[in-house]
Enquirer: 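Here it is, the structure, as structure tokens.
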Amino acid sequence: MVDFFFLTNQAWRVIILLHMNMDSRYDHLKNEEEMTKLWETLEAFNPDKSDNRGNKPFTIIMPPPNANDPLHVGHAMFISIEDILVRYHRMLGDDTLWLPGADHAGIETQYVYEKKLKKKGRSRFDFDRETLYQNIWNYVQEKSDVAMSQIKKLGASVDWSRFKFTLGEDVVDDVLNTFSKLDSEGLVYRANRLVNYCTNCGTAFSNLEVLHQEQKSTLYYIKYGPLVVATTRPETRFADVALAVHPKDKRYKKYVDKTLQVEGVVKNYSLPVIADDFVDPKFGTGVVKITPYHDHNDFDFWQRHKDEIKTKPTKAINYDGFITEAGENYKGLKASQARKKLVKDLKKADLIEKVDLNYQNNMGLCYRCKKPIEPLPLTQFYVKVKPLTEPVLEALDKGEIVVHGAGHDKILKHWLEILEDWNISRQVVWGIRIPVWYNVEKCPDIQTTYLGKNGKKHSGKISKLLKNDSLETIKQGLQTLSAPLGSEYKISKVSPGNKYIQETDTFDTWFSSSQWPVVTLKNNQPDDFDRFYPTQVMETGYDILMFWVMRMLMMGEFITGKLPFNNVYLHGLIRDDKGEKMSKSKNNVTNPLQTTEKYGADALRMALVIRSSAGLDKSVGKPDFKAARNLTNKIWNAARYILMSLDKKSLKEKTDKKYDQVFEEHLKQIIESITKQINDFKIGLAAETLYNEFWHWFCDECIEKCKKEDLSQSLLLKGLTTFLKLLHPFTPFVTEKLWQILKQENLVEDQTLALSNWP
RNA sequence: GACUGCUUAGCUCAGUUGGUUAGAGCGCUUCGCUUACAUCGAAGAGGUCAUAGGUUCGAAUCCUAUAGCAGUCACCA
């Protein structure tokens with residue numbers, strides 16, 4: 001390096017600034033790309049290239065974003081928090097791995113894809129399931145690359161060489177193994193129950209996926225012979241099998257155990273009256289019509305009173321949402337239209353006593369398309385959950401799992417206690433096909449739909465279909481099949497013989513996601529599982545606590561005998577600067593990439609994280625991004641000033657200025673409190689402390705004191721390098737760039753800040 | 001109906017196991033382009049910490065009740 005000391009002060013400053021290429025404003029666009037490249041060439045985030053190997057591990061498995069989704073601000077939030085933890089632990093010297101991935105998000109993705117098809121005037125029913133699967137695969141592949149490159153832009157220090165996709169061959173193979181293991185331990189069964197079915201999305205959902213919404217609806221008081229029934233769903237009457245009253249209800253005592261003749265629009269029915277104390281005498285008229293296939297309570301009622309009810313239950317509404325053959329002359333109408341027509345006809349026949357238009361009730365809606373959920377009977381695979389939840393509850397009680405996030409630990413516990421068996425069958429193509437095979441000779445009654453060689457659709461019992469086409473042809477054009485309850489099946493990854501046909505249902509996306517920490521580590525480097533499992537932290541939004549975190553705990557424990565992680569950090573929802581939920585219709589959505597472009601990734605990360613609390617929502621807007629951007633500029637300029645004013649000769653001399661001792665003590669204290677705060681998962685607080693100490697202590701006080709010669713230059717430099725390290729997990733780009741400049745000036749030694757030691 | 005949170009400055013939020021004068025950002029007022037930074041600096045106004053009790057030498061912090069807001073669950077024929 002050139003010796004500048006013969007030059008005048010001013011000339012020296014100009015030259016050194018030119019030499020270091022330091023503008024008075026921090027240019028995030030230029031530096032972020034440069035630093036990303038630097039880390040990439042060094043493979044800085046691959047633990048196999050690190051000196052930390054053999055030290056105690058620190059692992060975070062990234063919640064795999066929906067491969068089909070562009071990055072939104074929620075992703076930016078989890079990337080920020082996880083990256084802070086990961087960078088901190090890497091600097092501490094831990095054997096650190098942050099493993100990225102992408103999720104196929106079964107229903108969500110197929111829904112988006114079907115919308116695309118609809119625009120072209122087509123639907124999923126135009127394709128056999130394999131072609132459809134392949135088409136979605138190609139579609140997702142493109143989108144996924146975009147999403148992953150966006151994660152890089154935010155500075156995520158993940159090891160891309162260990163990336164996993166939930167539909168990757170290796171992952172699928174392990175998920176199938178888990179299913180076999182569950183089966184061999186007697187935890188899988190098939191049952192015909194009412195499921196939450198969305199006739200629009202064409203699939204069943206688990207109870208957790210049903211949205212409940214308070215709605216104003218109409219309560220019809222309909223005459224059933226001498227009785228009157230209050231119902232919101234008159235159109236299910238074609239499938240009524242009984243009437244129910246409370247056993248102590250004096251009004252109806254004389255009808256109990258009698259069979260009533262009930263007048264309908266087209267024909268008459270005879271329905272038995274049965275007493276059961278599930279009936280609330282105060283609601284409506286105190287008389288309930290029982291429709292087992294369209295209401296959960298009624299289904300349970302039917303199970304209890306099978307002997308008294310002679311009629312076999314039927315469906316009035318089909319899986320496509322239209323009225324079935326049972327529906328007399330309403331057959332083929334959409335359920336909602338059938339209701340209108342039926343009510344009109346009932347009125348004409350004077351069978352409606354009154355109508356309450358202002359009835360408030362809670363409707364089950366599809367979380368995906370917001371259309372009403374139809375309870376329908378379907379034969380599905382279930383997982384027994386009790387044996388899975390018990391060890392988790394025990395661990396929670398013992399404090400082996402710590403949930404960081406405003407009372408969500410109690411919610412988790414509550415859920416584990418009330419959880420019902422898990423319906424894992426989904427009627428979508430985009431997912432892992434259930435590895436269950438039926439022998440077509442032993443199960444001739446399997447309902448099958450397929451596209452024949454000419455592209456024409458055939459539907460019916462498989463034994464009949466086999467008379468026209470070979471099993472091979474049926475398999476090729478297969479769309480769906482539905483095996484009756486009790487059908488014999490074999491579990492196998494490949495066809496167990498030439499008489500077999502595979503189940504068309506796929507696993508619930510969460511079934512594979514629940515195994516994510518295990519399958520990602522089992523399918524990477526040979527020793528990864530032993531080296532990194534169990535992981536230390538699971539970080540995600542509190543909105544998927546039950547869907548994902550709870551099930552990961554259950555399944556991780558089941559597969560490996562060890563809980564997959566011991567800390568759960570839950571971040572909140574990001575809201576706009578007024579505290580409102582972000583939505584496209586309100587036009588208040590923060591686009592993380594545009595924000596990064598404008599203010600820098602460092603600023604976005606800092607704005608999201610500073611003063612955030614685990615489990616609580618965070619409100620973030622333009623003023624916050626601006627303030628955080630100003631911080632990055634402040635860091636830049638503080639370093640710029642120190643580099644400019646530094647007299648290198650004086651660095652070597654021992655000085656003892658007035659403020660030196662106080663400075664050193666306070667700096668030490670800052671290091672201690674930041675370290676403690678991160679260890680305690682108080683990340684928002686750590687960020688705030690750093691902001692204040694750096695700006696209002698280091699810049700406002702210390703730099704000014706140094707100007708007045710009350711503080712040694714060597715200590716000021718030490719303060720700068722210390723703050724760069726402390727700030728690095730939060731604002732990695734600007735701090736690394738400054739480190740590189742300091743290195744050029746021979747003021748620091750470590751090759752990168754990212755791999756340097758925590759102070 | 002049950003559970004879980006939240007209520008602190010005009011706005012959005014912190015407040016690190018109870019401890020001097022309760023903090024930040026934005027906004028506001030006044031002044032300043034002083035050779036790191038105007039994406040800045042200096043000074044300032046602004047809070048009965050939802051309400052009422054209690055525990056304590058001491059409470060924004062712990063306990064009880066109430067109110068408002070939010071989320072989740074259950075019932076709903």
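Chain identifiers are assigned alphabetically (A, B, ...) following the order of the sequence lines, protein sequences preceding nucleic acid strands; residue numbering begins at 1 within each chain.
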Enquirer: So A:Tyr691, base contact, sugar-phosphate only, or nothing? Heavy-atom distance under 4.0 Å.
Expert: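 It contacts sugar-phosphate atoms only.
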Enquirer: Dot-bracket for RNA chain B, please. Rules: Watson-Crick or G-U, both distances under 3.5 Å, ( ) within the strand, [ ] when a pair crosses earlier ones, | for another strand, . otherwise.
Expert: (((((((..((((.....[...)))).(((((.......))))).....(((((..]....))))))))))))....
Enquirer: At a heavy-atom distance below 4.0 Å, what parts of residues 244-251 of chain A sit against RNA chain B?
Expert: none
Enquirer: Salt bridge between A:Asp280 and A:Lys282, side-chain N to carboxylate O under 4.0 Å?
Expert: no
Enquirer: Across nucleotides 71-77 of chain B, 5' to 3', mark each nucleotide with B, S or - according to how protein heavy atoms within less than 4.0 Å reach it.
Expert: -SSBBBB
Enquirer: Return the polar atom pairs (N/O with N/O) between nucleotides 28-31 of chain B and the protein under 3.5 Å, or none.
Expert:
none

Enquirer: What protein N or O atoms touch nucleotides 16-19 of chain B N or O atoms at under 3.5 angstrom, if any, and at what distances?
Expert:
{"from": "B:U16", "atom 1": "O2", "to": "A:Gln677", "atom 2": "NE2", "distance (Å)": "2.7"}

Enquirer: Please tell me if A:Arg629 has a side-chain N or O lying less than 4.0 Å from either OP1 or OP2 of B:U39.
Expert: no
Enquirer: Protein within reach of the bases, or only the backbone? For nucleotides 59-65 of chain B, mark each nucleotide 5' to 3' as B, S or -, using heavy atoms under 4.0 Å.
Expert: -------
Enquirer: Suppose we call a contact any N or O donor and acceptor under 3.5 Å apart; does that hold for the side chain of A:Glu704 and the base of B:A42?
Expert: no
Enquirer: Kindly state which residues belonging to residues 606-620 of chain A come within less than 4.0 angstrom of RNA chain B, counting heavy atoms of the residue only, listed by number.
Expert: A:Arg611, A:Ser613, A:Leu616, A:Ser619
Enquirer: If you look only at pairs with a residue in residues 697-724 of chain A, which of them pass as a ring pair (Phe, Tyr, Trp, His ring centres under 6.0 Å), with sequence neighbours excluded?
Expert: A:Phe663-A:Trp697, A:His666-A:Trp697, A:Phe694-A:Phe698, A:Phe694-A:Phe723, A:Phe698-A:Phe723
Enquirer: Does anything in residues 224-246 of chain A pair up under ring pair (Phe, Tyr, Trp, His ring centres under 6.0 Å), and if so which pairs, sequence neighbours excluded?
Expert: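 Passing the test, one end in residues 224-246 of chain A: A:Phe238-A:Tyr330.
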Enquirer: Among B:A42, B:C40, B:U39, find the nucleotide with the atom closest to the side chain of A:Asp700.
Expert: B:A42
Enquirer: Considering residues at least two apart in sequence or located in another chain, which fulfil the ring pair (Phe, Tyr, Trp, His ring centres under 6.0 Å) criterion with A:Tyr221?
Expert: none
Enquirer: Kindly write out the residues that satisfy side chain to side chain contact (heavy atoms under 4.5 Å, CB included) with A:Gln303, not counting sequence neighbours, or none if the list is empty.
Expert: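 If we apply the side chain to side chain contact (heavy atoms under 4.5 Å, CB included) test to A:Gln303, skipping adjacent residues, the hits are A:Phe299, A:Lys306.
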Enquirer: According to side chain to side chain donor-acceptor pair (under 3.5 Å), who are the partners of A:Tyr542, at least two apart in sequence or on a separate chain?
Expert: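 Testing A:Tyr542 for side chain to side chain donor-acceptor pair (under 3.5 Å), a comparison that skips the adjacent residues, returns A:Asp617.
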